[in-house]
Amino acid sequence: MTLLEANDVSFEYERGGARVLDRVSLRVPRGGIVGLLGPNGSGKTTLLRLLSGTLAPASGGVVLDGRSIAAMPRREIARRIAVVPQETHSAFDFTALEIVMMGRYPHLGAFELEGGADLAIAREALAATGTTALQARRFATLSGGEKQRVVIASALAQASDVLLLDEPTASLDLGFQLDVAALLARLNTERGVTMVVSTHDLNLAAALCGSLVMLRAGHVIAAGDTRSVLTSCNVRALYGVDAEVVHHPRARHLTVVPLARAE
C-alpha cells in the first residue's frame, strides 16, 4: 500500500527559470525504503522538500495516505513526516536529550511544555538509536556519526510515519557509515519505519533500499526495484561512469565498483 507519493511534480526556484524537477513521480510503499540517486544538482534535495511539504510544486502534487499535503496543516504534516537533513547545526548549546525532545514539538499545544510522556518517548528514541549514553552531552561536542544518530532519534521522537533522509552517511568515516546503515535497516525491520533516502553512496542504496529512483537534471531516468534499476547501464547513464555491478556473496546485496569515466 502506497503511503507517500509524488505525482508529476515540477518545480523551479524562480518563476520562469529552469525547472529543477520536471514531471517527477515517486511511490513510497508503507514500510518500504526508497532510495534517490543522482549527481549533484539532479533535484534530490528539492524532491525531499516537496515530499515534506516545505516547498510547494509548481504543478503536480504530493499525497500522504490518500490526502494532499497542500490541504494539511503544517503541524499535522510534521506529525507524519520527519526530516533528517544532511547537516545539523545548533545555534545554542543544547544537550543531545534536548535535541531529541525537539522532535516532540509538533505534538504540543500552544504554550504547552513537554511532559513525562514526552520525555519517555525521547528516551525511548535515544535507546533505539544507541545514543542513551550521550543524552547529557552537548550536541556540539559529538562526533559526526553521533550527531547523525541523535538527529535520527529526534526524528523518531516525532513519532512520524515517514523519515526523509538527505545524505545520511555523508562526511562520515567508514565505521560510522556502517553504523548508520545498520541503524536504518533495524528501524525499518523492527519498527516498520518508512523511509526515503537521498544518497550518493550506491552501495548503501544497494544494501538498504528495496526500490530506487534515479534522477538526472530533474528527470527520472529509471525507477523500480533495486535489482532491476541498479545496473551498469543505468550507472553509466546517471553519472557518466563505467562501473561493474555484481552480487557480493558475503555482503548479500549488489555492489558497485566504479572503473573509469565513460568515454
Side-chain angles (χ1 to χ4, degrees), residues 2-6 9 20-21 24-52 62 81-86 148 151-152 155 160-172 174 176-189 191-239 241 243-248 251-258:
T2 300
L3 176 60
L4 180 66
E5 58 187 305
V9 294
V20 179
L21 294 171
V24 169
S25 293
L26 171 145
R27 303 286 181 272
V28 185
R30 187 181 300 277
I33 304 180
V34 177
L36 300 181
L37 301 180
N40 293 330
S42 60
K44 301 188 302 298
T45 298
T46 299
L47 181 54
L48 289 181
R49 290 171 178 165
L50 292 175
L51 292 173
S52 71
V62 176
I81 300 174
V83 179
V84 178
Q86 183 172 339
Q148 194 70 316
V151 173
I152 292 171
S160 304
D161 298 312
V162 183
L163 285 186
L164 305 179
L165 300 107
D166 194 3
E167 296 288 348
T169 58
S171 303
L172 300 183
L174 186 59
F176 281 129
Q177 289 178 26
L178 291 172
D179 289 344
V180 170
L183 168 62
L184 296 179
R186 180 165 55 82
L187 293 175
N188 176 255
T189 301
R191 293 182 167 226
V193 179
T194 302
M195 303 180 194
V196 181
V197 183
S198 168
T199 182
H200 285 298
D201 188 337
L202 302 186
N203 290 306
L204 170 69
L208 189 64
C209 302
S211 61
L212 300 174
V213 175
M214 290 185 165
L215 287 172
R216 184 172 180 88
H219 295 84
V220 175
I221 67 166
D225 68 274
T226 297
R227 182 165 291 276
S228 64
V229 170
L230 193 58
T231 65
S232 297
C233 181
N234 283 338
V235 171
R236 182 186 178 108
L238 192 64
Y239 294 105
V241 169
E244 185 176 14
V245 182
V246 296
H247 183 271
H248 195 290
R252 292 183 294 181
H253 59 73
L254 292 176
T255 57
V256 181
V257 181

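Starting from 1, each residue takes its place in the sequence as its number. Computation of the quantities below employed the complete heavy-atom set of this structure, encompassing side-chain atoms and omitting hydrogens, waters and symmetry-equivalent molecules.
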Nearest non-hydrogen partners of [X] and [Y], listed with the distance:
X: Val229; Y: Gly224; result: CG2-N, 3.3 Å
X: Pro168; Y: Val180; result: O-CG1, 4.0 Å
X: Asn203; Y: Asp201; result: N-OD1, 3.0 Å
X: Thr231; Y: Val245; result: C-CG2, 3.8 Å
X: Ala6; Y: Leu51; result: CB-CD2, 4.0 Å
X: Gly43; Y: Leu21; result: O-CD2, 3.6 Å

- Item | Arg30: salt bridge (charged side-chain N to carboxylate O under 4.0 Å, His left out) partners, not counting sequence neighbours | Asp65

- Query: Partners of Glu5 by salt bridge (charged side-chain N to carboxylate O under 4.0 Å, His left out), sequence neighbours excluded?
  - Reply: Arg27

Quick check for you: to the nearest 0.5 Å, what is the distance between [X] atom [atom1] and [Y] atom [atom2]?
X: Cys209; Y: Leu36; atom1: SG; atom2: CG; value: 8.5 Å
X: Leu202; Y: Leu37; atom1: CG; atom2: CG; value: 6.0 Å
X: Leu26; Y: Leu212; atom1: CG; atom2: CG; value: 11.0 Å
X: Leu184; Y: Gln148; atom1: CG; atom2: CD; value: 8.5 Å
X: Met195; Y: Leu4; atom1: CE; atom2: CG; value: 14.0 Å
X: Leu183; Y: Leu208; atom1: CG; atom2: CG; value: 10.0 Å

Taking side chain to side chain contact (heavy atoms under 4.5 Å, CB included) as the definition, give me every residue that meets it alongside [X], ordered by chain and number, with sequence neighbours left out.
X: Val220; answer: Val24, Val213, Leu215, Ala223
X: Asp179; answer: Phe176
X: Ala181; answer: Leu204
X: Ala206; answer: Leu230, His253, Leu254

So [Y] and [X], do their side chains get closer than 4.5 Å, heavy atoms only?
X: Val151; Y: Pro85; value: yes
X: Leu48; Y: Val83; value: no
X: Val28; Y: Leu3; value: no

- Query: For residues 31-46, which residue pairs qualify under side-chain hydrogen bond (donor to acceptor under 3.5 Å, both in side chains), counting only residues two or more places apart or in two chains?
  - Reply: Tyr13-Thr46, Asn40-His200, Thr45-Asp166

- Query: Tell me the side-chain hydrogen bond (donor to acceptor under 3.5 Å, both in side chains) pairs involving residues 217-228, sequence neighbours left out?
  - Reply: Asp22-His219, Asp225-Ser228

The criterion is side chain to side chain donor-acceptor pair (under 3.5 Å); which residues satisfy it with [X], sequence neighbours excluded?
X: Arg236; value: Asp242
X: Thr255; value: none
X: Ser52; value: Thr54
X: Ser25; value: Asp8

- Query: Are the side chain of Ser232 and the backbone of Ala243 linked by a donor-acceptor contact shorter than 3.5 Å?
  - Reply: yes

- Message: Using only atom types and a distance under 3.5 Å, with no angle test, would you say the side chain of Gln177 pairs donor to acceptor with the backbone of Leu172?
- Response: yes

